[in-house]
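For ligands, and for the atoms within them, numbers begin at 1 and follow the listed sequence. Along the sequence shown, residues carry numbers from 1.
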Amino acid sequence: MKVLKFGGTSVGSAERMKALVNLIHNDEPKIVVLSAMSGTTNQLVQITEKLYQNLNQEANALIDALHTKYKQVVAELYSTEDKQKQALELLQLHFDYIRAFTQDLFTIHEERAILAQGELLSTALFQLYLEEQGINSVLLPALNFMKIDENEEPDADYIAKNLKAELAKYSGTNLFITQGYICRNAFGEIDNLKRGGSDYSASLIGAAADVSEIQIWTDIDGMHNNDPRIVKNTYPIAELSFDEAAELAYFGAKILHPSSVLPAKQKNIPVRLLNTMQPEAKGTIITAESAGGSIKAIAAKDDITAIKIKSGRMLLAYGFLRSVFEVFERYKTPIDMITTSEVAVSLTIDNAKFLNEIVAELQQVGQVEVDKDQTIICIVGDFLEERSGTGLKIFESLKDIPLRMISYGGSKNNISVLINTTDKVKALTALNDGIFERRNINA
Ligand code: ASP
Ligand code: MG
């Protein structure tokens with residue numbers, strides 16, 4: 001059994017849904033995980049924003065516009081009157097459900113229920129299309145098995161037990177369709193795995209069902225060696241280790257949700273990144289093994305805040321780092337990068353929600369400086385201790401760019417530097433020229 005996850009653009013129109021059938025219709029047993037049609041989750045977010053502001057008329061206008069868009073999809077997708085009618089009824093149900101929330105006080109529970117409609121719609125419409133094509137498939141409701149606990153962490157045991165129970169009901173079936181992103185929480189309410197969470201769903205489902213491979217299908221041909229939106233001549237990386245892929249995903253490669261690597265790694269299930277627009281392209285395969293070679297890829301993460309804390313006491317003070325870290329722990333704010341000297345520590349966060357509170361508490365420990373609009377440039381590869389010269393290549397390339405922090409040696413897969421966001425394009429381009437272009441010329 002395999003898991004195949006298709007993102008929003010892969011189900012983004014009637015035409016794309018029709019094309020999808022060619023990729024999944026064969027004898028291989030599989031669970032197909034779908035995102036909402038592209039744009040839908042954003043539109044649902046806008047609707048919830050209006051509802052929070054009590055702008056019900058505006059919310060209704062947005063709901064009507066989305067409903068109309070879906071009616072158009074139905075008109076293009078189905079060729080039989082029977083399925084057209086069924087699909088329109090289905091839309092009516094879902095959009096009436098969304099409209100019902102405009103009547104009453106709007107809370108976070110309602111918000112989550114609305115956000116779940118995108119995946120519920122895409123999977124239901126696709127299942128109807130498969131039925132119309134005479135293809136045997138079963139729609140598995142993710143809300144029957146996908147669950148997070150009170151810490152908003154996936155409940156792996158619950159998911160495995162309930163998913164297996166669902167699958168066992170249909171022993172003759174080879175093709176299952178289910179929703180990415182949505183789940184139930186510890187209270188049994190509808191919840192979600194956060195934006196972009198369908199990849200995470202796919203990986204959790206793959207781990208729960210002990211599949212042989214997890215495929216993430218998007219509209220780019222794998223994870224690239226640099227940001228293709230910024231740098232020309234990037235290329236897909238054929239092979240990555242779980243750790244390298246996790247670093248790249250976390251530090252900016254948009255193609256894969258960072259949390260989705262761990263469940264696959266724990267069960268040692270290969271993850272393959274593939275392109276629906278170019279299904280024959282090899283893409284990227286992520287496994288326990290690294291393909292060797294030193295520098296594999298570069299990614300950048302914006303909106304980083306750097307905080308420097310200078311110890312009030314002087315040399316040889318112990319307990320200083322602990323008191324610094326405790327502040328971040330209290331505000332549940334993860335630290336990304338950290339560098340230290342004897343009297344000061346610099347670190348970065350990407351969630352600045354509690355910045356003011358954090359700074360106020362850190363001021364009890366020492367002198368605090370804050371720099372906003374920073375970017376982490378993360379260089380990923382296999383940096384064995386015994387390999388020399390990697391640092392030289394990187395810093396030589398970056399010689400004209402002011403570096404705020406450098407982190408090397410934390411893991412053998414990552415070298416990170418912190419720069420001003422205004423220098424990002426320059427830095428990514430310089431690294432590309434210095435590392436990859438040169439390699440291409442030599443090759
Ligand atoms: N539809 C959700 C989103 O847009 C989940 C996903 O597509 O991964 O964030
Ligand atoms: Mg995605």
Side-chain angles (χ1 to χ4, degrees), residues 3-13 16-17 20 31-49 62 66 69-70 73 94 98 108 111-126 140-143 146-148 152 154 159 177-185 190-206 214-224 227-229 236 240 245-246 248-264 271-277 283-284 286 299 301:
V3 168
L4 283 74
K5 178 260 169 176
F6 293 90
T9 47
S10 305
V11 289
S13 64
R16 302 291 332 142
M17 286 205 204
L20 190 54
I31 304 174
V32 172
V33 178
L34 300 183
S35 290
M37 295 180 77
S38 51
T40 296
T41 309
N42 285 343
Q43 275 151 344
L44 293 172
V45 168
Q46 281 175 11
I47 291 167
T48 62
E49 283 167 359
L62 290 175
L66 194 60
K69 202 169 120 182
Y70 272 84
V73 173
H94 283 271
I98 300 173
I108 188 152
E111 176 188 339
R112 290 169 180 156
I114 288 185
L115 294 184
Q117 300 308 307
E119 273 71 11
L120 291 170
L121 277 166
S122 65
T123 49
L125 292 175
F126 189 63
L140 288 182
L143 297 177
M146 206 36 114
K147 192 168 184 332
I148 50 175
E152 300 195 353
I159 298 169
I177 312 294
T178 192
Q179 299 87 20
Y181 179 59
I182 64 174
C183 62
R184 291 200 186 271
N185 60 24
I190 297 179
D191 209 321
N192 59 65
L193 300 174
K194 309 267 158 59
R195 295 305 306 271
S198 292
D199 296 348
Y200 198 16
S201 301
S203 172
L204 291 166
I205 289 170
I214 297 161
Q215 299 182 349
I216 307 286
W217 290 78
T218 63
D219 51 4
I220 175 165
D221 50 354
M223 214 180 252
H224 277 227
D227 192 332
R229 291 162 304 182
L240 283 170
L248 281 175
Y250 184 71
F251 286 108
K254 287 279 173 304
I255 177 171
L256 185 65
H257 188 282
S259 306
S260 57
V261 178
L262 189 63
V271 178
R272 206 182 279 280
L273 308 180
L274 292 159
N275 183 355
T276 24
M277 305 297 195
T284 299
I286 304 165
K301 188 172 183 179

*Residue list, side chain to side chain contact (heavy atoms under 4.5 Å, CB included) with A116, at least two apart or on another chain*: L120, I182, I190

What are the polar N/O contacts of ligand 1 with the protein below 3.5 Å, with distances?
unit_1: ligand 1; atom_1: 1 (N); unit_2: T41; atom_2: OG1; d: 2.8
unit_1: ligand 1; atom_1: 1 (N); unit_2: E119; atom_2: OE2; d: 2.6
unit_1: ligand 1; atom_1: 4 (O); unit_2: T41; atom_2: OG1; d: 3.4
unit_1: ligand 1; atom_1: 4 (O); unit_2: R195; atom_2: NH2; d: 3.0
unit_1: ligand 1; atom_1: 7 (O); unit_2: S35; atom_2: OG; d: 3.1
unit_1: ligand 1; atom_1: 8 (O); unit_2: G196; atom_2: O; d: 3.4
unit_1: ligand 1; atom_1: 8 (O); unit_2: G197; atom_2: N; d: 3.4
unit_1: ligand 1; atom_1: 8 (O); unit_2: S198; atom_2: N; d: 3.0
unit_1: ligand 1; atom_1: 8 (O); unit_2: S198; atom_2: OG; d: 3.1
unit_1: ligand 1; atom_1: 9 (O); unit_2: R195; atom_2: NE; d: 2.7
unit_1: ligand 1; atom_1: 9 (O); unit_2: R195; atom_2: NH2; d: 3.4
unit_1: ligand 1; atom_1: 9 (O); unit_2: G196; atom_2: N; d: 2.8

*asked:* Run the side chain to side chain contact (heavy atoms under 4.5 Å, CB included) test against T41 and tell me which residues pass, sequence neighbours left out.
replied: A36, E119, Y181, R195

*In terms of heavy-atom contacts, does NZ of K194 have more than 12 from other residues, nucleotides or ligands at under 6.0 Å?*
no

_By the salt bridge (charged side-chain N to carboxylate O under 4.0 Å, His left out) test, which pairs, at least two apart or in different chains, include something from residues 250-263?_
none

_For a side chain to side chain donor-acceptor pair (under 3.5 Å) check, start with the C-alpha distance between E111 and T48, then their side-chain angles and the critical distance, and finish with the verdict._
CA-CA 6 Å; E111 176 188 339; T48 62; 4.7 Å; no

_Side-chain (T218) to main-chain (N275) donor-acceptor, under 3.5 angstrom_ = no

